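Single-structure report; data block below.
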Amino acid sequence: MRTRTHTAGQLREEHIGQEVRLCGWVHARREQSAELVFVDVRDRYGITQLVFDAEDTSPELPKQAKGVHLEDVVGAKGVVRARERVNKKIPTGGVEVLVTELEVLSRTVSPPLIASDEQNLPAEETRLKYRYLDLRRPKMQEIIRTRHRVTKLARDYFDEQGFLEIETPCLTRSTPEGARDYLVPSRQQPGMWYALPQSPQIFKQILMVAGCDRYLQICRCFRDEDPRADRQAEFTQIDCELSFVDRETVLGVMEGFAKRVWNEVLGYEAGDFPRITYKEAMDRFGIDRPDTRYGLELVDVSDLAAKTDFKVFTEALEKDRGVVKAIRVPGGAAKLTRKITDGYSKFVQDFGAGGVPVTKVAGVTLEAGIAKFVEPIAGELIDRLGAKDGDTILFGADTYSTCSKALGELRQRVARDMEMIPEGAWNFLWVIDFPMFEFDEETGRFYAMHHPFTAPSDEELERFMGADPSDRETIESIVSDGYDLVCNGSEIGGGSIRIHRQDVQKKVFELLGISDEEARLKFSFLLDALSFGAPPHGGIAFGLDRLIMHLAGTDNIRDVIAFPKTQTGADLMCEAPNVVDEEQLGELHVKSTARARTD
RNA sequence: GGGGCGGUAGCUCAAUUGGUUAGAGUUCCGGACUGUCGAUCCGGUGGUUGCGGGUUCGAGUCCCGUCCGCCUCGCCA
């Protein structure tokens, strides 16, 4: 009875009369009487009702069926027959198996999580500790299946496009820029360390130099930073690189992949993806990954604000790159109570803003909130925003970057509060023309906005090569050939045309304040490679976990990873990380300065 | 590193200003019932209230510390 003739999702009316064997977990048990018991058996493929009927078989069978527990593993032999009443909720609902022989293949003790009980889903902590029970749930099985389909689709699609799947090392060297590395001590070379890859970036570029032309890898990446709801330290990307291409070619191939995924998994036909420049995204949405499923765009009203005596506005405008921006919330007056908008002021303080001045449109004028301060510009403001009676107007007043950040985040919160996000909408877009560099006030130096291997756009090349490291304005204004793919306000992919000239790469290092010596020390292999005939190339990496989150309709990245980690980087099931023997450490020439918890 | 929320029966939750023996549903155990599909009905087992201190006549409840989980800021080229 440990083998089966059919899965639990397979039987239909056409099987009626056949003798079958099914195996699986007990999903539910319904005891109608001492003579009639129903047991639903579940496997990855579905659920089938087993019936134990004393009248049609023997009194022993219902008795035996009463002894099975939820989540026991059973095998049953019987005959398929039509049900007296069809259960339309499941695909096998037209039939049942009249069991003639039952074997309990494996008993369970009372489990902390019951796959059929979605109503009383345990806390996530319990789900993670007993992950094998959580993954039995049909919802989780569905996600696992979706994830498989997408990786298979990636391999099929890119294979059709001439890509080769090539593996790059997990034990590699630490990269100085970017996120914190996970480190692995070398046993053979005392005092030396490997790093786990944050991305196979340099390897895939070198594969282009090696003439591989088109590369694909579905690879694990590691970044030792605190996680979020949509971010894990260990994650998977669909990583691609192509030679002899410009931006258009790359975007075309990648857009084709995204469209195919959505089409085959969700049956959704996406139109061509719109493009927006980084600057426009920041101006209109205050964020580099705008959610365009709703309006609530940011409108610059600095010139009008300058005409008022409102201190919050005038003081902001005195700042370097100070701006005043406004968001019109249609119909906000009725829904956004004082309590809610007070909450908004608190909310934006997390992003460095002072608060959110508010007013409401009443007829052709403004009332409440800061109405009396903006009275002189009321008409112009209403015109500029296209505001109507019953709208609320929210303001941000600060430096461009703080104001954008605060209103950009606020915009998303307001959309949720106002229930403005349409169900089932998929808004893809490419964000292009990112700046090459970002100046960091704290350290007083430039950082690569994407990564230091991103090429300046062709038109910028001359200006870039001639840039003086002290000329902040010029450097900040140089636009790169990088691009991000955004879906419903979440970044699902990012890439760029890379630098394939050694002199250009050296210039990037110079502007980043990395000396020749340091660059040689850390990137000699890349610089060497670029000097031996590197083809023009570019690529992208999709965040697989994020793709699956969208396709599965979850906002929790742990739901799409079979064995995810908690916020403290723990695997609650296998209890990693954990202590190791002194002997192991000795072999690795490592001594810890910390005392591990012993609880 | 900072802020917020949470931890009570195997699981999901409740417990009034600090006050009797910490309750309910479910799982599990026993019983009734021949067409259920969240079966129903009756009865029962089940508790170091995360952990450690403290205040108090009395602490699940208040205070301090600590651990764990979630959300978030910083961080994530």
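The model shown is predicted, which means the values in this text are computed figures rather than measured ones. A, B, ... follow the sequence lines: proteins, then strands. Residue 1 opens every chain.
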Given [options], identify the nucleotide with an atom nearest to the side chain of [X].
| X | options | answer |
| --- | --- | --- |
| A:Arg30 | B:C33, B:C37, B:U34 | B:C37 |
| A:Thr126 | B:C70, B:C76, B:C11 | B:C11 |
| A:Arg83 | B:G74, B:U36, B:A39 | B:U36 |
| A:Gln32 | B:G35, B:C70, B:C33 | B:G35 |
| A:Gln49 | B:A39, B:C37, B:C28 | B:C37 |
| A:Pro122 | B:C71, B:C11, B:C37 | B:C11 |
| A:Leu128 | B:C70, B:C68, B:G35 | B:C70 |
| A:Arg228 | B:C75, B:U34, B:U27 | B:C75 |
| A:Thr566 | B:C76, B:G69, B:G35 | B:G69 |
| A:Asp53 | B:G38, B:U34, B:G74 | B:U34 |

Determine the contact category for [X]: base if any of its heavy atoms lies under 4.0 Å from a base atom, sugar-phosphate if only primed atoms, P, OP1 or OP2 are that close, otherwise nothing.
| X | result |
| --- | --- |
| A:Pro112 | sugar-phosphate |
| A:Gln198 | nothing |
| A:Glu124 | sugar-phosphate |
| A:Thr568 | sugar-phosphate |
| A:Phe453 | nothing |
| A:Glu31 | base |
| A:Leu121 | sugar-phosphate |
| A:Glu96 | base |
| A:Lys66 | base |
| A:Asp350 | sugar-phosphate |

Figure out the [atom1]/[atom2] separation between [X] and [N], and round it to whole Å.
| X | N | atom1 | atom2 | answer |
| --- | --- | --- | --- | --- |
| A:His451 | B:C76 | NE2 | P | 15 Å |
| A:Glu35 | B:U34 | CD | P | 6 Å |
| A:Glu125 | B:G6 | CD | C1' | 10 Å |
| A:Tyr130 | B:G10 | OH | C1' | 9 Å |
| A:Glu234 | B:C76 | CD | C1' | 16 Å |
| A:Asp226 | B:G69 | CG | C1' | 15 Å |
| A:His69 | B:U27 | NE2 | C1' | 10 Å |
| A:Arg413 | B:U72 | CZ | C1' | 12 Å |

Side chain A:Arg223 and base B:C76 donor-acceptor under 3.5 Å:
no
Has the side chain of A:Arg127 got a donor or acceptor atom sitting under 3.5 Å from an opposite partner on the base of B:C11?
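Looking at the base of B:C11, it does not pair with any donor or acceptor on the side chain of A:Arg127 (distance under 3.5 Å).
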Can [X] and [Y] be counted as an ion pair, charged N to O under 4.0 angstrom?
| X | Y | answer |
| --- | --- | --- |
| A:Glu575 | A:Lys129 | no |
| A:Lys405 | A:Glu409 | yes |
| A:Asp559 | A:Arg127 | yes |
| A:Arg231 | A:Glu225 | no |
| A:Glu518 | A:Lys522 | yes |
| A:Asp291 | A:Arg416 | no |

Given that both distances must come in under 3.5 Å, which nucleotide forms a Watson-Crick or G-U wobble pair with [N]?
| N | value |
| --- | --- |
| B:G6 | B:C68 |
| B:G43 | B:C29 |
| B:G18 | none |
| B:U49 | none |

Determine the interplanar angle of the A:Phe434 and A:Tyr278 rings, folded into 0 to 90°, and report it as parallel if under 30°, tilted if 30 to 60°, perpendicular if over 60°.
tilted
Suppose you measure atom [atom1] in [N] against the same atom in [M]; what distance do you get, rounded to whole Å?
| N | M | atom1 | result |
| --- | --- | --- | --- |
| B:U66 | B:G2 | P | 10 Å |
| B:C33 | B:G47 | P | 32 Å |
| B:G46 | B:G23 | P | 13 Å |
| B:U8 | B:G69 | P | 15 Å |
| B:G53 | B:G60 | P | 15 Å |
| B:C41 | B:U36 | P | 15 Å |
| B:G4 | B:G65 | P | 13 Å |
| B:A9 | B:G54 | C1' | 28 Å |

Other residues, nucleotides, ligands: >12 heavy atoms within 6.0 Å of A:Tyr130 OH:
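For A:Tyr130, atom OH is not crowded (no more than 12 foreign heavy atoms under 6.0 Å).
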Other residues, nucleotides, ligands: >12 heavy atoms within 6.0 Å of A:Asp555 CG
no
Along RNA chain B (nearest heavy atom to each residue), the more 5'-positioned of A:Met449 and A:Arg81
A:Arg81
Please determine if a side-chain N or O atom of A:Ser110 lies less than 4.0 Å away from the OP1 or OP2 oxygen of B:G10.
no
